[in-house]
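Here is the structure we will look at, set down as structure tokens.
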Amino acid sequence: MEILRQVWVHQYYWDPEGHVRWREGTALPPASLRFDSPFDTEANYCVKRGVDWSGYRVHVTESCDQDLPHLVVHVTTTIAPVQDGQLTEQIHDDLAARCLAPAEHIVDITHLSPAHIERAQRVHGITLLGPVLADNSRQAKAGSGFAKAAFTIDWVNEQAAICPRGAMSVSWTTLNISDHIYFQARFAEADCRPCPDRALCTSSTTGSRSVAVLPQLLHEIQMRNRLDQQTEQWQRRFAIRAGHRVAVGACARERLTEALTALEVNFTADGLAEIERRRRPGAATDTRPRSCQTSALATESAHPSTPRRGQ
């Protein structure tokens, strides 16, 4: 009865006229705290790329070597509000513990950041391949003006930024943005106000330009990946990611169910094809451990359900 009472409190309220109303928008408790169903208090509401559901978030990792069967090698389930990027390190650690760490791990944009790329290579020797977030500044979106990439960072001598016109920043401060460390370089108003390219640099009519960058190693990873992912070669490498999204039931929250679901996917897909191939006369037999055959992975799956009223 207590759970049912909390469900009603989370979803409804009495208006001043004494009528029962749905809670909507910001009147609803945070998704990670509210009950969407009295039958499963761990099922939470979530929205991803315009799809909303109440349930869980299932992350499936599948091998995708071109000449080998595509087999599910890792699966884990979290509550729906847990963001994809929070699982990347855990997935790598789990795979490494089972000697299944890939040479290259192909993921979508929600699973990686410059910090993820750096850790994957440093800790496990994994090349994490996927699109990093684009520069969302006004200049970068417009495709004109001086975006962050137009500034040179002097890490060795001054810890300062140099603008495209050659002016050097006059301050260098540390910022904490969403638990990530950034360095902010700010330029002098005396340099910015008379600059003939001011309109290309800042929309402020009086203030000076500032640029926030990640620590050196992460900044260089970010800049390099943003350039690489525009090339045809990078896009061909990432194209293998297409079609590797698997729908797994949201009720698969117990590890036993997860393992059985992954086993079923393996046997009903490429696993049977491999068994049949090995039965053919003259077929080559590869006795190496499966971990040696895994070179690239693709992750992430979520099971949507019918949208609920008021969300």
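The residues of the chain are indexed from 1 along the displayed sequence.
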Just wondering, do [Y] and [X] contact through their side chains at under 4.5 Å, heavy atoms?
| X | Y | result |
| --- | --- | --- |
| Glu62 | Val73 | no |
| Leu95 | Pro102 | yes |
| Leu129 | His105 | no |
| Pro131 | Asp108 | no |
| Val132 | His116 | no |
| Lys148 | Ser137 | no |
| Gln139 | Ser144 | no |
| Thr206 | Arg193 | yes |

Exercise. Out of Thr77, Thr110, Thr76, which residue meets the side chain to side chain contact (heavy atoms under 4.5 Å, CB included) rule with Leu87?
Worked result: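 For Leu87, the side chain to side chain contact (heavy atoms under 4.5 Å, CB included) test succeeds with only one of Thr77, Thr110, Thr76, which is Thr76.
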For this session: Would you mind telling me which of Glu104, His92, Arg119 makes a side chain to side chain contact (heavy atoms under 4.5 Å, CB included) with Leu128?
Result: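 Considering Glu104, His92, Arg119, a side chain to side chain contact (heavy atoms under 4.5 Å, CB included) with Leu128 is found only for His92.
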Looking at [atom1] of [X] and [atom2] of [Y], how far apart are the two atoms once the value is rounded to the nearest 0.5 Å?
| X | Y | atom1 | atom2 | result |
| --- | --- | --- | --- | --- |
| Gln86 | Thr88 | CD | OG1 | 9.5 Å |
| Leu100 | His74 | CG | NE2 | 9.5 Å |
| Asp197 | Arg209 | CG | CZ | 12.0 Å |
| Leu112 | Ile106 | CG | CD1 | 12.0 Å |
| Cys201 | Arg165 | SG | CZ | 11.0 Å |
| Thr202 | Leu200 | OG1 | CG | 11.0 Å |

For this session: Indicate, with yes or no, if Phe151 and Trp155 share a hydrophobic cluster defined by side-chain heavy-atom contacts under 4.5 Å among Ile, Leu, Val, Met, Phe, Trp and Tyr.
Result: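 Yes, same cluster.
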Exercise. With the 4.5 Å side-chain cut-off for hydrophobic clustering, are Leu217 and Ile117 part of the same group?
Worked result: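 Per the 4.5 Å side-chain linkage, Leu217 and Ile117 are co-clustered.
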Where is the tightest heavy-atom contact between [X] and [Y], given as atom of each residue plus distance?
| X | Y | value |
| --- | --- | --- |
| Ala150 | Pro164 | O-CG, 3.6 Å |
| Arg198 | Gly207 | NH2-O, 2.7 Å |
| Gly130 | Phe238 | CA-CE1, 3.9 Å |

Return all side-chain donor-acceptor pairs below 3.5 angstrom for residues 169-186, not counting sequence neighbours, or 'none' if the list is empty.
| from | atom 1 | to | atom 2 | distance (Å) |
| --- | --- | --- | --- | --- |
| Ser169 | OG | Ala161 | N | 3.0 |
| Asn176 | OD1 | Asp179 | N | 3.0 |

Exercise. Charged N to carboxylate O below 4.0 Å: is that the case for Asp84 and Arg57?
Worked result: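 Looking at Arg57 together with Asp84, the answer is yes, because their closest N to O distance falls below 4.0 Å.
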Exercise. Does Glu220 pair with Arg224 as a salt bridge, N-O distance under 4.0 Å?
Worked result: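 Answer for the salt bridge query: no.
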Exercise. Are the side chain of Asp65 and the backbone of Leu68 linked by a donor-acceptor contact shorter than 3.5 Å?
Worked result: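 Such a contact is absent between Asp65 side chain and Leu68 backbone.
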For this session: Given side-chain contact (heavy atoms from CB on, under 4.5 Å), test Phe146 with Cys163 step by step and report yes or no.
Result: CA-CA 8 Å; Phe146 299 147; Cys163 82; over 6 Å; no
Problem set entry | Gln121 vs Ile221, side-chain contact (heavy atoms from CB on, under 4.5 Å): CA-CA, chis, key distance, verdict | CA-CA 12 Å; Gln121 184 62 53; Ile221 290 173; over 6 Å; no
For this session: Could you walk me through whether Asp93 and His124 pass the side-chain hydrogen bond (donor to acceptor under 3.5 Å, both in side chains) test, one step at a time?
Result: CA-CA 8 Å; Asp93 293 344; His124 298 299; 2.7 Å; yes
Problem set entry | Full working for side-chain contact (heavy atoms from CB on, under 4.5 Å) between Arg21 and His19 | CA-CA 6 Å; Arg21 303 291 186 187; His19 299 119; 3.7 Å; yes
For this session: Determine the interplanar angle of the His111 and His59 rings, folded into 0 to 90°, and report it as parallel if under 30°, tilted if 30 to 60°, perpendicular if over 60°.
Result: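 Judged by the thresholds at 30° and 60°, the geometry between His111 and His59 is perpendicular.
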